[in-house]
Enquirer: 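Following this message is one structure expressed as structure tokens.
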Amino acid sequence: MEWIFALIIEIVVQGDALMRVTMNKSLKQVVQEYICRKEFEEARPDFEKASWIDDPVARFNALDKVRIQVLIRCGVKP
């Protein structure tokens with residue numbers, strides 16, 4: 001079943017610049033977060049802590065770092 005999601009991600013990445021889903025997330029990100037929803041739920045405090053950073057660039061980098069760590073823990077290619 002997981003290989004289907006990997007195949008979908010590979011196909012979607014090519015057209016990802018053309019399509020965006022709600023909340024300004026790419027379809028690739030939505031699929032990745034769906035696959036790893038349990039790990040993302042466990043990392044919610046880390047995301048909330050990072051979202052309180054005042055500097056927009058530092059906030060984006062901190063949120064991206066947490067997201068990549070969760071994906072790696074889950075075993076999904078970031």
Side-chain angles (χ1 to χ4, degrees):
M1 180 76 167
E2 291 181 10
W3 65 271
I4 292 174
F5 288 119
L7 178 63
I8 290 171
I9 288 173
E10 290 301 318
I11 293 170
V12 169
V13 168
Q14 303 304 319
D16 195 35
L18 301 175
M19 60 176 87
R20 293 284 176 174
V21 183
T22 59
M23 297 180 65
N24 201 27
K25 291 183 181 179
S26 69
L27 187 55
K28 177 182 175 182
Q29 288 176 323
V30 171
V31 171
Q32 287 173 331
E33 291 177 14
Y34 179 76
I35 293 170
C36 300
R37 62 189 173 276
K38 179 182 174 188
E39 287 81 3
F40 273 95
E41 199 58 41
E42 291 172 358
R44 182 173 296 256
D46 296 331
F47 281 107
E48 290 175 359
K49 182 179 176 183
S51 68
W52 282 97
I53 297 173
D54 289 331
D55 181 23
V57 175
R59 182 180 341 124
F60 175 79
N61 290 335
L63 289 169
D64 193 46
K65 181 180 177 182
V66 173
R67 183 179 179 283
I68 289 173
Q69 289 173 346
V70 170
L71 290 175
I72 290 171
R73 244 184 300 159
C74 180
V76 173
K77 179 180 169 185

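What you see is a predicted model; the values in this text were computed from it and never measured.
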Enquirer: Could you pull out the closest heavy-atom pair between Ser51 and Leu63, with the gap in Å?
Expert: N-CD2, 4.1 Å
Enquirer: Report the distance from atom CG of Asp46 to atom CD of Glu48, rounding to the nearest 0.5 Å.
Expert: 9.5 Å
Enquirer: Just verifying a value: how many Å separate Glu39 CD and Glu42 CD, rounded to the nearest 0.5 Å?
Expert: 6.0 Å
Enquirer: Side-chain heavy atoms under 4.5 angstrom apart, residues restricted to Ile, Leu, Val, Met, Phe, Trp, Tyr: same cluster for Phe47 and Val76?
Expert: yes
Enquirer: Give me the atom names and distance for the closest heavy-atom approach of Phe40 to Glu33.
Expert: CZ-CG, 3.5 Å
Enquirer: Nearest 0.5 angstrom please: Asp64 CG to Gln69 CD, how far?
Expert: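 If we round to the nearest 0.5 Å, Asp64:CG and Gln69:CD are 10.0 Å apart.
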Enquirer: With distance as the sole test, does Arg59 use its side chain to make a donor-acceptor pair with the main-chain N or O of Asp54 at under 3.5 Å?
Expert: yes
Enquirer: Decide, yes or no, whether a salt bridge links Lys38 with Glu41 under the criterion of side-chain N to carboxylate O below 4.0 Å.
Expert: no
